[in-house]
There are 2 protein chains.
Amino acid sequence: MKTNKNCVIRLSRYKNALYRLKSLGFVKIFSDNLADAVGVTATQVRKDFSQFGISGTRKGGYQIDDLINNLNRLLGKDEIHKVVVAGIGNIGTALLNYKGFEKESIKIIAGFDINTVKQNAAGEIPVFPIAEMENFIRQNQIKIGVIAVPDFAAQQIADTMIQAGVKGILNFAPMRLHGPENVVINNVNLVLELENTIYFANAVIKTGVVGQLTASAQPDGV
Amino acid sequence: MKTNKNCVIRLSRYKNALYRLKSLGFVKIFSDNLADAVGVTATQVRKDFSQFGISGTRKGGYQIDDLINNLNRLLGKDEIHKVVVAGIGNIGTALLNYKGFEKESIKIIAGFDINTVKQNAAGEIPVFPIAEMENFIRQNQIKIGVIAVPDFAAQQIADTMIQAGVKGILNFAPMRLHGPENVVINNVNLVLELENTIYFANAVIKTGVVGQLTASAQPDGV
DNA sequence: TATTATATGTTCTTTTTTTCACAACATTGG
DNA sequence: CCAATGTTGTGAAAAAAAGAACATATAATA
């Protein structure tokens, strides 16, 4: 199958929206409702589902529970994913505190920081010295790491993670990280997001309307 | 001119990379170097620049300072942009503490929180009760707001901001916000980013390589 | 059970984005 | 001053993504 990256990202959004709709009491849904909720066209929704072999019934639309199950399966949520976080500053702390991961089968099992004040081996999610990260990753066979350290330290942390066997990195440091072909690095740059927001807002202020933006995020491999 | 959204986002990335390269001592740069630094092709870099009327010299490449100036101008960095942040939790605090905005002409001038413990009118960046936000935005003619409150409160905060005159919102709450056509809402969903990373990492683990992902982020207007 | 209204699944088009290829031009060295 | 080298800028081609349209299936209804 041709794996379309934007498509996968949309799948995540669908799932997200479906959880919300479900919590509102909906049981079934039509492509155009879901399209509205996510901000794409109904055709796109159907096409995405079709591409991944998800089908509904020709007049009844889609069962939300079925959809969620299918999406979870596709997105790999039928197994628990263990994640470690390097850098327990504000963003790292936010992630450690966030309660919304469990239903996604994501479990942050440890944090690492160089600052002894942040360390706390007895916490609900323990925080260890960064020197212990490599061993920890190896021993627990962690495949996903989050980098929330200052930029100057980021590449080194990434290298360590990769060396220890991590295959996916979510990077919040404001720089592009490099790694081998078989590791996915997803960069989220908050400054950049704010800048873009400002740019488009300015465009709106000057021209009236920008229309529907559907711009690029940045899972960039390597 | 046809404003290509992805293109604008790449411009931000170029600028980012250029600052880094400059700090490393580089003075001029070629399209392929920059392409490497950002993770696109050299042609793409030249075409983007061309589209926005930025030019280099045929054998000397581009002067980094010129580029940065041009990009800043294009991205609206020749004026200071005042920003307010609603919700001084972990992410809100991270933004308030971040020192990298100044060189981008972005200035976070106030935070707002419902929790009196977070409030501190005398701080370097003052934090006021959320009830004062609307007036503050009006009086200071703020055009950009950041939402870092829990999901259930997000839409209401957005409505208030928009009512007060905000034209661009950067939303960290894990849900799609709605607003009128002439307001840009840029959603950054950290859970979703982590999920996507996991998905693509799994793909790597199973198939060996995903190749260069260039997937979508989501400035979605409305 | 037959009929009708409605939503899907898919093909075909259109649009957008990216890449290729190369002419034009600047710099460097003889 | 000329040739050799190397990089830009851009039009044309290719690829990818999104959208429109419609045939087909199915739920509801009588």
Side-chain angles (χ1 to χ4, degrees), chain A residues 1-11 13-14 18 21 26-64 66-67 70-71 210-221, chain B residues 1-11 13-14 18 21 26-64 66-67 70-71 210-221:
Chain A
M1 182 200 308
K2 175 79 170 324
T3 310
N4 179 321
K5 287 95 190 182
N6 292 37
C7 180
V8 171
I9 287 163
R10 282 196 301 271
L11 292 189
R13 297 221 169 91
Y14 297 148
L18 287 167
L21 291 163
F26 288 88
V27 172
K28 68 177 189 178
I29 195 172
F30 303 124
S31 57
D32 57 342
N33 303 138
L34 189 52
D36 272 1
V38 175
V40 299
T41 64
T43 303
Q44 181 101 78
V45 171
R46 297 201 297 274
K47 199 165 228 176
D48 286 341
F49 287 172
S50 159
Q51 191 152 143
F52 285 89
I54 298 175
S55 57
T57 56
R58 292 248 169 172
K59 185 164 178 187
Y62 304 85
Q63 296 295 316
I64 289 189
D66 281 4
L67 275 184
N70 268 306
L71 291 171
V210 178
Q212 186 81 5
L213 307 184
T214 303
S216 116
Q218 157 159 32
D220 51 16
Chain B
M1 183 199 307
K2 177 82 169 322
T3 310
N4 179 323
K5 287 99 191 181
N6 291 36
C7 180
V8 170
I9 286 162
R10 282 196 302 270
L11 293 188
R13 297 220 170 92
Y14 298 149
L18 287 166
L21 291 164
F26 288 88
V27 172
K28 69 177 189 179
I29 196 172
F30 302 125
S31 57
D32 58 340
N33 304 137
L34 189 52
D36 272 2
V38 175
V40 299
T41 64
T43 305
Q44 180 99 252
V45 171
R46 296 202 298 274
K47 195 150 236 180
D48 285 343
F49 286 173
S50 158
Q51 190 153 143
F52 284 91
I54 297 175
S55 57
T57 57
R58 293 249 169 174
K59 188 166 179 183
Y62 304 85
Q63 296 295 316
I64 289 190
D66 281 4
L67 275 185
N70 268 308
L71 291 172
V210 178
Q212 184 81 6
L213 306 184
T214 304
S216 118
Q218 165 162 32
D220 53 16

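Residue numbers begin at 1 in each chain, while the letters A, B, ... track the order of the sequences. As the structure is a prediction and not an experimental result, all values here were calculated from the model.
For the pair B:Ser55 and A:Thr41, both in contact range of DNA chain D, the more 5′-proximal nearest nucleotide belongs to B:Ser55.
Checking D:dG9, D:dG19, C:dT19 against the side-chain heavy atoms of B:Gln44 singles out C:dT19 as nearest. Comparing D:dT10, C:dT18, C:dC12 against the side chain of B:Arg10 picks out C:dT18 as the nearest.
A donor-acceptor contact under 3.5 Å links the side chain of B:Lys59 to the base of C:dT27. On a pure distance criterion of 3.5 Å, a polar donor-acceptor pair joins the side chain of A:Arg58 and the base of C:dT8.
Close to D:dT10, at under 4.0 Å from its OP1 or OP2, lies a side-chain N or O of B:Ser50. One finds no side-chain N or O of B:Thr57 lying less than 4.0 angstrom from the OP1 or OP2 phosphate oxygen of D:dT8.
For the pair A:Ile9 CD1 and D:dA18 P, the interatomic distance rounds to 11 Å; values are reported in whole Å. Rounded to a whole Å, the NZ atom of B:Lys47 is 15 Å from the P atom of C:dT16. The nearest whole Å value for the distance from the CD atom in A:Gln51 to the P atom in C:dT8 is 17 Å. Taking atom CG on B:Asp48 and atom C1' on D:dT8, their separation rounds to 14 Å, with Å as the unit. Here the C1' atom of nucleotide C:dT8 and the CG atom of A:Asp66 are 15 Å apart, to the nearest Å. If you take CZ of A:Phe30 and C1' of D:dA27, they are 10 Å apart, rounded to a whole angstrom. We find that CG of B:Asn6 is positioned 13 Å from C1' of D:dA18, with the value rounded to whole Å. D:dA17 atom P lies 20 Å from atom CZ of A:Arg46, rounded to whole Å.
Residue B:Gly61 is in sugar-phosphate contact alone, with no base atom involved, counting any heavy-atom pair closer than 4.0 Å across all strands shown. Counting any heavy atom pair closer than 4.0 Å across all strands shown, A:Thr43 reaches a base atom. A:Tyr62 comes within 4.0 angstrom of the backbone, heavy atoms only, and of no base.
At least one donor-acceptor pair closer than 3.5 Å links the side chain of A:Asn33 to the backbone N or O of A:Phe30.
Considering all non-hydrogen atoms of both residues, B:Gly60 and B:Lys28 come closest at O-CD, 3.3 Å. A:Asp32 approaches A:Ala42 most closely through the heavy-atom pair CA-CB, 3.8 Å.
When each of A:Val40, A:Thr41, A:Val45 is tested with A:Thr43 by the rule side chain to side chain contact (heavy atoms under 4.5 Å, CB included), just one qualifies, namely A:Thr41.
Interatomic distance, CZ of A:Phe49 versus CZ of A:Arg10, reported as 10.5 Å (0.5 Å rounding).
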